[in-house]
Amino acid sequence: MPMVTQWKDIKRFLKTNPVTRKPVRYAVNSRARLRWRLLHHRRALSFPTVINIETTNECNEECWFCPRAEATRGFGYVSLDLVKSIVDQGVPHGGITYYLHKDGEPLMHPRIFDIIEYMVNAHPDNKVRLTTNGTILKEQHARRLIELGVEQIRIGIRSATRETFLKIHKLDLFDHVKRNIERLLRLQEEMQAHHLLVIVQIVVCEDTKDEIDLFRQQWGDKDVFMEIKDFMSWGGWAKDPTLAGNNGDPRRPPCIDPFHNLVVNWDGKVSLCSLDWNCSVPLGNVAHSSVEEVWNGEAVRAIREAHLKGNFQHNAMCANCEEWRYLPSLFWRNRTVLWKDQKWV
């Protein structure tokens, strides 16, 4: 067995084994945190190093734990001109990681491949990561994504059985999505797309908590990263018994999002974070202002200041957030972090 294949098998085991998963995740997060602190954080304060663009908030599914359908901010598709404007502004600042997902299904956008192609060609260090539910991941879609050099494709299958898939997604497409994923993996191997990381995701909730081991068995021998994701409350909108609430934990660090991640909705409005499904904490609009103006504006700076001071009651989204426990943090609470006027000194 080639050494590369052996190492991939070892990494897959460590990242998915129930005993080693958490220590490995901690080590990976710690390494990423240190790298960001040493190399990227100063730059991120002047211009975001990660930009999440919502291609659309339309979706062909109605998962019970997704609040998308109740949004009052309107539904639509991001324009290619707006995407080009955002990408062009990022070029002078170096490579940007673009996430093409927020509250909808990105493959429903009629010009999704034009968007990706522009991002990839704008700067050699740009990276594109896409999240899809997998229902319309046809062969021509998968092939085109690989050809364009997409770095990461995350498929939210979110269950291990047909019955649970139907309960969560309200569609009887479990076998269909599995076939789409398996075809993507075959194409990845045929096209020797070593750059591509395929992630299959299950969300731990009351419906799926007894299927996690089965999920590992289904995907453990395939060339995928299994993401066993803790339940998201979407800022307190959704509830589930698997999610233990304890927002008063004094060890809670500042969130990384206001310091390096810009979240742009389809109409140009900037949200607090990717979980701000109804844009309840608007931070500006890149359709009317530059990215740099929004990123260094008073609204974003106020969020940063509040987090650095431990004031997580600053707004309802942060006050009701449960997801901070599962995110890699750039900060250590109560450690020596010198900060003056939001610049490292």
Side-chain angles (χ1 to χ4, degrees), residues 8 51-63 66 68 75-84 86-87 96-124 126-159 162 165-166 168-202 218-219 221-227 264 266:
K8 287 171 68 174
I51 300 180
N52 187 327
I53 297 181
E54 178 185 67
T55 54
T56 181
N57 57 344
E58 297 282 4
C59 189
N60 58 346
E61 292 189 331
E62 296 182 0
C63 302
C66 176
R68 182 196 63 84
F75 294 85
Y77 297 81
V78 70
S79 71
L80 183 58
D81 288 339
L82 178 57
V83 171
K84 288 181 176 180
I86 295 169
V87 173
I96 306 288
T97 299
Y98 291 96
Y99 282 85
L100 296 183
H101 175 68
K102 186 173 178 284
D103 299 327
E105 170 51 53
L107 292 180
M108 291 179 65
H109 196 291
R111 303 197 68 179
I112 184 64
F113 300 115
D114 294 329
I115 290 173
I116 296 173
E117 186 173 15
Y118 194 84
M119 290 175 170
V120 170
N121 292 334
H123 193 284
N126 280 355
K127 299 175 181 178
V128 177
R129 299 175 179 179
L130 179 140
T131 298
T132 174
N133 58 36
T135 57
I136 54 176
L137 187 61
K138 300 177 182 178
E139 180 174 352
Q140 61 265 35
H141 293 159
R143 190 178 294 275
R144 187 67 179 132
L145 291 172
I146 293 173
E147 291 172 345
L148 288 171
V150 171
E151 183 191 54
Q152 183 186 104
I153 301 176
R154 174 183 283 105
I155 303 104
I157 191 168
R158 302 200 179 100
S159 64
R162 179 183 176 187
F165 186 96
L166 178 60
I168 292 175
H169 296 255
K170 307 295 191 295
L171 294 172
D172 189 11
L173 294 175
F174 177 73
D175 295 329
H176 173 73
V177 173
K178 279 192 68 177
R179 286 193 297 270
N180 286 350
I181 298 172
E182 290 164 354
R183 182 175 57 221
L184 171 64
L185 295 176
R186 287 197 301 272
L187 287 172
Q188 181 188 21
E189 184 176 359
E190 291 173 10
M191 299 171 71
Q192 297 184 345
H194 305 300
H195 64 276
L196 175 62
L197 173 65
V198 178
I199 301 173
V200 290
Q201 180 197 84
I202 186 171
Q218 289 175 351
W219 299 104
D221 62 342
K222 296 179 173 59
D223 190 15
V224 299
F225 183 92
M226 289 181 280
E227 184 178 55
V264 182
W266 67 268

Leu171 and Leu166, any side-chain heavy atoms less than 4.5 Å apart: no

Cys59 vs Arg68 side-chain heavy atoms within contact, under 4.5 Å: yes

Closest approach of Leu130 to Pro106 (non-hydrogen atoms, all atoms of both residues): CG-CG, 4.1 Å

For His109, all residues meeting ring pair (Phe, Tyr, Trp, His ring centres under 6.0 Å), sequence neighbours excluded: Tyr77

Interatomic spacing from CD1 in Ile168 to CD in Glu61 - rounded to 0.5 Å: 10.0 Å

Leu196 vs Gln152 side-chain heavy atoms within contact, under 4.5 Å: no

Step-by-step side-chain contact (heavy atoms from CB on, under 4.5 Å) determination, Ile181 to Val200: CA-CA 8 Å; Ile181 298 172; Val200 290; 3.9 Å; yes

Glu54 side chain vs His101 backbone, donor-acceptor pair below 3.5 Å: no

Sidechain-backbone polar pair: Asn57 side chain, Gly104 backbone, donor-acceptor under 3.5 Å: no

Minimum side-chain heavy-atom gap Ile116-Val150 below 4.5 Å: yes

Approximate separation, where rounding is to 0.5 Å, of Ile53 CD1 and Tyr99 OH: 13.5 Å

Point-to-point distance, once rounded to the nearest 0.5 Å, from CG of Asn133 to CZ of Arg158: 7.0 Å

Spacing of CD1 belonging to Ile155 relative to OG1 belonging to Thr135, to within rounding of 0.5 Å: 11.5 Å

4.5 Å side-chain heavy-atom contact, Val224 and Ile199: no

Whether His123 side chain and Ile96 backbone form a donor-acceptor pair below 3.5 Å: no

Any residue meeting ring pair (Phe, Tyr, Trp, His ring centres under 6.0 Å) with His141, in chain and number order, not counting sequence neighbours: Phe113

Straight-line distance of Ile202 CD1 to Ile157 CD1, nearest 0.5 Å: 8.5 Å

Residue list, salt bridge (Lys or Arg N to Asp or Glu O under 4.0 Å) with Glu105, at least two apart or on another chain: none

Whether over 12 other heavy atoms sit under 6.0 Å from Lys138 NZ: no

Criterion side-chain contact (heavy atoms from CB on, under 4.5 Å) on Leu197 and Phe225, from CA distance to verdict: CA-CA 7 Å; Leu197 173 65; Phe225 183 92; 4.0 Å; yes

side-chain contact (heavy atoms from CB on, under 4.5 Å) evaluation trace for Leu100 with Thr131: CA-CA 7 Å; Leu100 296 183; Thr131 298; over 6 Å; no

Qualifying salt bridge (charged side-chain N to carboxylate O under 4.0 Å, His left out) pairs with a residue from residues 180-198, counting only residues at least two apart or across chains: none

Worked check of side-chain contact (heavy atoms from CB on, under 4.5 Å) between Leu148 and Val128: CA-CA 9 Å; Leu148 288 171; Val128 177; over 6 Å; no

Asn126 side chain to Met119 backbone, donor-acceptor under 3.5 Å: yes

Which residues share a side-chain hydrogen bond (donor to acceptor under 3.5 Å, both in side chains) with Gln188, sequence neighbours left out: none

Spacing of Ser79 atom OG and Arg111 atom CZ [to the nearest 0.5 Å]: 10.0 Å

pair Asp172-Phe165: side-chain heavy atoms closer than 4.5 Å: no

Residue pairs passing the salt bridge (charged side-chain N to carboxylate O under 4.0 Å, His left out) test where at least one lies in residues 142-155, sequence neighbours excluded: Glu117-Arg144, Lys127-Glu151, Arg129-Glu151, Glu139-Arg143, Arg144-Glu147, Arg154-Glu227

Closest contact, heavy atoms only, Asn180 versus Gly134: ND2-O, 2.7 Å

